[in-house]
Each structure stands twice: as structure tokens, then as C-alpha cells.
Peer 1: 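Take this structure, written in C-alpha cells, and hold onto it; I'll ask about it next.
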Amino acid sequence: MHIFDSVQKTKREFIPLQEGKVTLYVCGPTVYDDAHLGHAKSALVFDLLTRVLEANAYDVTYARNITDIDDKIIKKAIEQKKDIKEITDFYTEAFHKEMELIGVKRPSIEPKATQSLQAMYELIQQLIDKGHAYKTPEGDVYFDTASDSEYLSLSHRVQNEDERQERVASSASKHNPADFALWKSVHDDSITFDSPFGAGRPGWHLECSAMIEKHLAYKDKPYAIDIHGGGADLLFPHHENEAAQTRCATNHALANYWMHNGFVNIDGEKMSKSLGNSFFLKDALKEYDGEVLRFYLLSTHYRSNFNFNTQDLMHAKKRLDKLYRLKKRLFGLAQNEEETAFTKELLSALNDDMNISSALALIDEMISHANETLDTAGKHKLLKRETMANLAYIQKVLGFGVKNPYEYFQFGVDETTKESLNTLIEQRNAAKKEKNFELSDKLRDEILAYGVNLMDTPQGTFWEKV
RNA sequence: GGUGCCAUCGCCAAGUGGUAAGGCCGCAGCCUGCAAAGCUGCUAUCCCCAGUUCAAAUCUGGGUGGCACCUCCA
């Protein structure tokens, strides 16, 4: 298996720190608002990575954190006069629910910042003891970037003089403008946590380093974990700072491989609240089947930027429809999980830095070939058996085709409409039997007016939501 | 301003030195009472210029055009 390491900027063969095992950490959401499509993309990418690693027989420990301490959460809590837990619980639950709808499996571990404070205190103390952090007169604790000779080695950034000067003025107590907060002291009445460094809140970057040390890290390896992932925007400063904290506080570097997924734009524009075109996952899920969203968001390479638009989404749906039609065609046949030439090729495509385009091309070819063979007369026992194995594999590794095919094609259609459609179909079939094609075509138009497609098959007449 | 990424058929999108995958759309045909679905066939020389090479979409240089990060951010 090869993955692109965004720090070394090259595809590297994946070799785990411990044979047969993989430790993966991905930066999860800050639970102060609903998840948007970007959160979905990131979760999907690393869900796929986990599935591919597992298909390679690795025992994967996947941790994705929940950031439940954050200034934005606290701000919202104060505004709405609620306890922060009320807010974080609400959005955490919503996040879980929405992830389930797009087929994202729960990570092995989901550490929360509120449950990792002790680990954060320990990390800060280690950094102070080793001379990599300092307290300011105001009571803040900062990481001393000048004390880390490898700082900026992750993002390959160079310190900019203009930028440096600008920021000195705004934070006089920092030794260096690039220094970042490990602990922010808070003196007013707002929400704070008591620490050995006084009342305040932890710095965002610290949470991840602490959680990794606490939940995942090898103690005797040159790296704490195998793979660290997240959105492309996190490389700097978030991951840079995480890496600095871990390497300075402990005896190991943070991660052996770094993976960053590309951004999601909406109709060519950056998603952001200031632009007002923010697209929440929950809104998309009202319109589209979660699996269609999964398929669409995963349909281009994870490192590319993704331009979300409904036209492309509908095209992606048509592609997924074909998989489901084949599934429908073989509905009821015995399941099996045999290895086939197809499953080997598919895994091989995914092992190449998750080349999803190649994988989808293989799937389309497999579908066409199966349909072609099934179109000819014969029992095709072997082909059916193999195709069932192929479909099962796609389901397991890619999470596509997991639903009942009949239900898939009925997304968003209410029971009353279903009954009406079935009645019309019965009437049309009766008319067809009498060769009253004028009537049957009229009935078909009525059926199509419901926004569905109609198809006559050897197994009967079926409708599909367009 | 600094750093970095990208530019392949109408649209989406693989391919990183050996002569252009796949999907959507379109056209023709098979199937069908007619359709739909399914199947078959057809449709690009890879932003521009120069260079390296027996050979380049793929490497180098220049240009043009997009984009990202540098601030909370998946």
C-alpha cells in the first residue's frame, strides 16, 4: 500500500510501526455548530482509509477527537445562557447521526477534550520542564517556537519578516510572535477550567497532542502514531504546532505519515459563513440519500479540491444507480465473500493512495460485464456467484451498495405516493395485457409525473425515484 | 507580499517518460407494442511557447489562467 505523505510530499510505501497494526489519528469536529460538507468529506476520506487498511488485514486503531472545549463553544454557551455540555452534547449527537447516514463508521476511539485535561496538564508541564514553554505575567503559557529547531519543518513554511513585525505589537508578552498558547488564562467570570497553571482554557493545538499521547501513542517507537490526518487547512498552524509539542515534550515525533484531504467548495466558492453559502450536511441529507452524498463526495481523489454542485451530484447518483440496478438484478442470491480477480484489482487500485477514480472505473467495467453476460441466455451460475462476491466487497471496502436496492430507489417517496404508484402500475399492466397501449401509455405518463422512472423487467414492473 | 498547488473531451475525472481509463451528456444500433433499464459501437493528443529525449499530457525553463494556506476553520 502506498500513501501520499503531505509532509515529504511524495507517495511512500506504507510500513506500520508495529507489524499488522495501524494507529491513525484524525482531527475531528469542534462541536459548536452543525457539520458542513467539508466535515463530511474529511470523515469520509478517513473512513475509506480505515476500510482500505482493514482490507489489507491491518488491525486499525482509529481515533477521531471531539473538540468540546473551544472559545466558539464558550461564546455560544454564554450567548444562549446554556451549559457548554448542553451545546457540545447536542452537536456531537447530531454529528454522529449524520455520519451514520453517510456510512461513516464510528472510530475505535473518540476522545473528548474535556476528558483529556489531565493529559494536557502533563504535556504542558513537560514542555515547561524541558524549556520549551514559558508562562507570561498574565498567566498564559506559551510554546516557545524558538526553542524548537525543527519548527516549521512540517509545513515547510518560512518566517515572514513583515508578518513577524505586525504581530509583535498585538501580543507583547509573547517572546516570539509565532509562539502559540498552550494555556490561556481567563480572569473574568466566563467558563474556565482549573489547572496547575491557573484558571483558563487549553490551547486548541494542545488537545490533539495530549489525546494522542493518552490514547494512541507507542512509548517505544520513533513516532507516536503511524498516520495523522485532517483537512488541508490544518497543516499550518494546527498540525505544525501539534508536531512541535509532541516532539519537544516526549521522546518521539508525532506521526510517521501525514495525510491531508482537499477542500470542498460550493459552486466554485469557498464555503464560509461570511459568504453565506455555507452548506450543512443536514440540509443536503434532506434532499439526497446519504449514500448518494457519500458516493459523490468520495468520487474524486481525496487530495483534490472538490467543487460541490447539484448537477455533478446527480451525475454521480446515476453512476451509483447502475450499481444498485445490478444489485436488484441479483436480488436474493446467496451471499459470499470469495476473492475474485475483480476484488484483487479493486484493492490494488485503492492501495495506490486511494485511487478512487481507477476503482470506480473497475466497478463500472465489472457492472457492464455482468449485465452483458446476464443479458445473454443461460444460467451463469459462476458469474452470479462472482458478482455477488464483488458486490459484497464493494460494500465492505467502499461502503457503496449497502442498502436494499428497492428501498434505495424509493428515497424520499412517502407511503401514499407509493400506493398510488402501485395502483397505477397494476392498471397499466392490465391495459398492456389487453394490448390497450393508448391507455397504458396514458397511465405511464401519469406515473412519470410523480418524478419517477418506470421500467419493465422480466421480474416485473418497477419504478425508481429520479 | 511570502509559501505551495493546479490547468486532460460540452461537464466530472484517472493517467507522472513509451504513444490518452471511467462516468454524465450526445449520436447510431440491438432489445421493447412504444419507452425505460440493459448491451454494442462512435466522439479529445492533453492551456501557450521553447527545451531535454529515440520517445513527453507526463521532465526543465518561460508565459497565461485558476486556487489554497499564511487568521478560527475539515
Side-chain angles (χ1 to χ4, degrees), chain A residues 6 9 11 26-30 32-33 35-46 64 67 70-72 75 152 155-164 166-167 170 178 204 229-238 240 260-265 268 270-274 281 296 299-301 303-307 309 311-322 325-326 328-329 349 352 355-365 367-376 432 435-438 440-441 444-445 447-448 452-458 461-464 466:
Chain A
S6 37
K9 294 179 188 293
K11 254 186 223 182
V26 175
C27 294
T30 300
Y32 72 103
D33 205 347
H36 58 230
L37 293 169
H39 293 112
K41 170 82 180 179
S42 183
L44 285 165
V45 163
F46 292 102
R64 184 185 59 206
T67 298
D70 181 89
D71 286 353
K72 286 188 288 270
K75 187 169 169 245
L152 298 182
S155 57
H156 309 294
R157 198 165 290 277
V158 289
Q159 203 83 51
N160 181 306
E161 280 304 320
D162 296 340
E163 188 185 2
R164 183 174 296 185
E166 266 176 36
R167 292 200 202 152
S170 61
W204 174 47
D233 57 326
L234 297 181
L235 181 55
F236 186 86
H238 186 52
E240 185 72 61
H260 291 93
N261 65 276
F263 256 54
V264 178
N265 294 327
K270 184 178 169 171
M271 242 189 318
S272 77
K273 282 175 192 162
S274 56
L281 179 57
Y296 175 47
S299 68
T300 67
H301 191 88
R303 278 188 280 123
S304 306
N305 284 336
F306 191 93
N307 185 31
N309 66 79
Q311 192 195 356
D312 290 347
L313 178 118
M314 292 318 287
H315 290 168
K317 179 184 178 300
K318 288 187 178 187
R319 205 173 185 178
L320 181 60
D321 285 351
K322 297 202 295 187
R325 289 205 187 94
L326 179 60
K328 203 155 80 169
R329 216 170 164 175
D352 180 17
N355 189 332
I356 193 78
S357 287
S358 294
L360 293 180
L362 287 167
I363 291 174
D364 286 320
E365 280 163 22
I367 293 171
S368 284
H369 174 250
N371 275 323
E372 189 185 358
T373 309
L374 292 169
D375 278 350
T376 62
K432 277 176 68 177
K435 297 206 187 303
N436 185 347
F437 296 126
E438 200 180 324
S440 73
D441 287 353
R444 180 168 61 199
D445 288 342
I447 292 166
L448 263 39
V452 301
N453 262 341
L454 196 63
M455 44 203 66
D456 297 320
T457 76
T461 302
F462 300 104
W463 58 269
E464 295 180 354
V466 178

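The basis for the numbers below is simple: all heavy atoms, side chains too, and nothing from hydrogens, waters or symmetry mates.
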Peer 1: Give one of base, sugar-phosphate or nothing for A:Ser440, where a contact means two heavy atoms less than 4.0 Å apart.
Peer 2: base
Peer 1: If you assign A:Ser42 and A:His301 each to the RNA chain B nucleotide with the nearest heavy atom, which residue ends up on the more 5' nucleotide?
Peer 2: A:His301
Peer 1: What distance, rounded to whole Å, do you find between the two C1' atoms, one in B:G15 and one in B:U58?
Peer 2: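 Their C1' atoms lie roughly 9 Å apart.
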Peer 1: Rounding to the closest angstrom, what is the interatomic distance between B:G22 and B:C9 at atom P?
Peer 2: 15 Å
Peer 1: Once you apply a heavy-atom cut-off of 4.0 Å, does A:Thr300 come out as touching a base, just sugar-phosphate, or nothing?
Peer 2: sugar-phosphate
Peer 1: Within the pair A:Asn355 and B:G15, is there a side-chain N or O less than 4.0 Å away from OP1 or OP2?
Peer 2: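 Answer yes for this pair, as a side-chain N or O of A:Asn355 is under 4.0 Å from OP1 or OP2.
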Peer 1: Does B:C67 have a Watson-Crick or wobble partner in any strand here, with both distances under 3.5 angstrom, and which is it?
Peer 2: B:G4
Peer 1: When the distance from CG of A:Leu152 to P of B:G4 is rounded to whole Å, what number comes out?
Peer 2: 13 Å
Peer 1: In Å, rounded to the nearest 0.5 Å, how long is the span from SG of A:Cys27 to CZ of A:Arg64?
Peer 2: 11.5 Å
Peer 1: I'd like to know if A:Asp441 reaches the base of B:G33 with its side chain, counting only an N/O donor and acceptor under 3.5 Å.
Peer 2: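 Result: at least one qualifying N/O pair found.
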Peer 1: Who are the side-chain contact (heavy atoms from CB on, under 4.5 Å) partners of A:Asn305, not counting sequence neighbours?
Peer 2: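 Testing A:Asn305 for side-chain contact (heavy atoms from CB on, under 4.5 Å), a comparison that skips the adjacent residues, returns A:Phe263.
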Peer 1: Atom CD of A:Glu464 and atom CE of A:Met455: how far apart are they, to the nearest 0.5 Å?
Peer 2: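 Taking CD in A:Glu464 and CE in A:Met455, the distance rounds to 3.5 Å.
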Peer 1: Using the P atoms only, state how far B:C34 lies from B:U19, rounded to an integer number of Å.
Peer 2: 44 Å
Peer 1: Does A:His36 get its side chain close enough to the base of B:A74, under 3.5 Å, for a donor-acceptor pair?
Peer 2: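 Side chain to base: pair found, below 3.5 Å.
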Peer 1: Please tell me which of A:Gly262 and A:Arg444 maps to the more 5' nucleotide of RNA chain B, matching each residue to the nucleotide holding its nearest heavy atom.
Peer 2: A:Arg444
Peer 1: Taking atom C1' in both B:U53 and B:U64, compute the distance separating them and give it to the nearest angstrom.
Peer 2: 26 Å
Peer 1: Is there a donor-acceptor pair closer than 3.5 Å between any side-chain N or O of A:Tyr296 and the backbone N or O of A:Asn309?
Peer 2: yes
Peer 1: One thing to verify: whether A:Asp456 and A:Lys432 come together as a salt bridge, which I'm taking to mean a side-chain N less than 4.0 angstrom from a carboxylate O.
Peer 2: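 Salt bridge between A:Lys432 and A:Asp456, a charged N being under 4.0 Å from a carboxylate O: yes.
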Peer 1: B:U32 C1' sits how many Å from A:Met455 CE, rounded?
Peer 2: 13 Å
Peer 1: What is the distance from CG of A:Leu235 to P of B:G4, rounded to the nearest Å?
Peer 2: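 Going from CG in A:Leu235 over to P in B:G4 covers 13 Å.
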Peer 1: Quick one: label A:Leu454 by what it contacts on the DNA or RNA (base, sugar-phosphate, nothing), any heavy atom closer than 4.0 Å.
Peer 2: base
Peer 1: If you round to the nearest 0.5 Å, how far is CD1 of A:Ile363 from OG of A:Ser368?
Peer 2: 12.0 Å
Peer 1: Please work out if A:Arg329 contacts a base, only the sugar-phosphate, or nothing of the nucleic acid, heavy-atom cut-off 4.0 Å.
Peer 2: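 Answer is sugar-phosphate: A:Arg329 comes under 4.0 Å of backbone atoms only.
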Peer 1: Generate the contact string for nucleotides 20-28 of chain B. Rules: B means base contact, S means sugar-phosphate contact only, - means no protein heavy atom under 4.0 Å.
Peer 2: -BBSSS---
Peer 1: Please state how far atom CG in A:Asp233 lies from atom C1' in B:A68, giving the value in whole angstrom units.
Peer 2: 10 Å
Peer 1: Does B:A74 have A:Phe263 stacked on its base, where the ring centres are within less than 5.5 Å and the planes differ by under 30°?
Peer 2: yes
Peer 1: Find the distance between NZ (A:Lys328) and CG (A:Asp321) and round it off to the nearest 0.5 Å.
Peer 2: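 One gets 9.0 Å once the value is rounded to the nearest 0.5 Å.
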Peer 1: Using atom CZ of A:Phe306 as one end and atom C1' of B:C67 as the other, report the distance to the nearest whole Å.
Peer 2: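 After rounding, the reported distance stands at 16 Å.
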Peer 1: Do the side chain of A:Arg325 and the base of B:A37 come within less than 3.5 angstrom through a donor-acceptor pair of N or O atoms?
Peer 2: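 Checked by distance alone, the answer is no.
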Peer 1: Counting distance alone, no hydrogens or angles: does the base of B:A35 have a donor or acceptor under 3.5 Å from a partner atom on the side chain of A:Asp456?
Peer 2: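 Side chain to base: pair present.
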Peer 1: Both distances below 3.5 Å, Watson-Crick or wobble geometry, any strand: find the nucleotide opposite B:C24.
Peer 2: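 Pairing partner, where one exists within any strand: B:G10.
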Peer 1: Using atom CG of A:Asp375 as one end and atom C1' of B:A37 as the other, report the distance to the nearest whole Å.
Peer 2: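 Between C1' of B:A37 and CG of A:Asp375: 10 Å.
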Peer 1: Tell me which nucleotide, if any, is Watson-Crick or G-U wobble paired with B:C72 when both distances must be under 3.5 Å.
Peer 2: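 When the pairing criteria are applied, nothing turns out to pair with B:C72, so the answer is none.
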Peer 1: At under 4.0 Å between heavy atoms, what does A:Val26 touch on the DNA or RNA strands: base, sugar-phosphate, or nothing?
Peer 2: nothing
Peer 1: Which part of the nucleic acid, if any, lies within contact of A:Gly38, taking any heavy atom under 4.0 Å across all strands shown: a base, the sugar-phosphate backbone alone, or nothing?
Peer 2: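 If one applies the 4.0 Å heavy-atom cut-off, A:Gly38 turns out to touch a base.
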Peer 1: With a 4.0 Å limit, can you tell me whether A:Asn453 has a side-chain N or O closer than that to the phosphate oxygens OP1/OP2 of B:A36?
Peer 2: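 No, because none of the side-chain N or O atoms of A:Asn453 sits under 4.0 Å from OP1 or OP2 of B:A36.
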Peer 1: Could you tell me the Watson-Crick or G-U partner of B:C30, where both distances fall under 3.5 Å? Say none if there is no partner.
Peer 2: B:G38
Peer 1: Taking a pair as Watson-Crick or G-U wobble with both distances under 3.5 Å, which nucleotide is matched to B:G51?
Peer 2: B:C59
Peer 1: Atom CG of A:Leu454 and atom CD1 of A:Ile447: how far apart are they, to the nearest 0.5 Å?
Peer 2: 5.0 Å
Peer 1: Using atom C1' in both nucleotides, what's the gap between B:C6 and B:C47 to the nearest angstrom?
Peer 2: 12 Å
Peer 1: Are the charged groups of A:Lys11 and A:Asp352 less than 4.0 angstrom apart, N to O?
Peer 2: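 Salt bridge between A:Lys11 and A:Asp352, a charged N being under 4.0 Å from a carboxylate O: yes.
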Peer 1: Is any side-chain N of the basic residue among A:Asp441 and A:Arg444 closer than 4.0 Å to the acidic one's carboxylate O?
Peer 2: yes
Peer 1: Write down the distance separating the C1' atoms in B:A13 and B:A7, rounded off to the nearest Å.
Peer 2: 13 Å
Peer 1: Classify the nucleic acid contact of A:His238 as base, sugar-phosphate or nothing, counting any heavy atom under 4.0 Å across all strands shown.
Peer 2: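 No contact.
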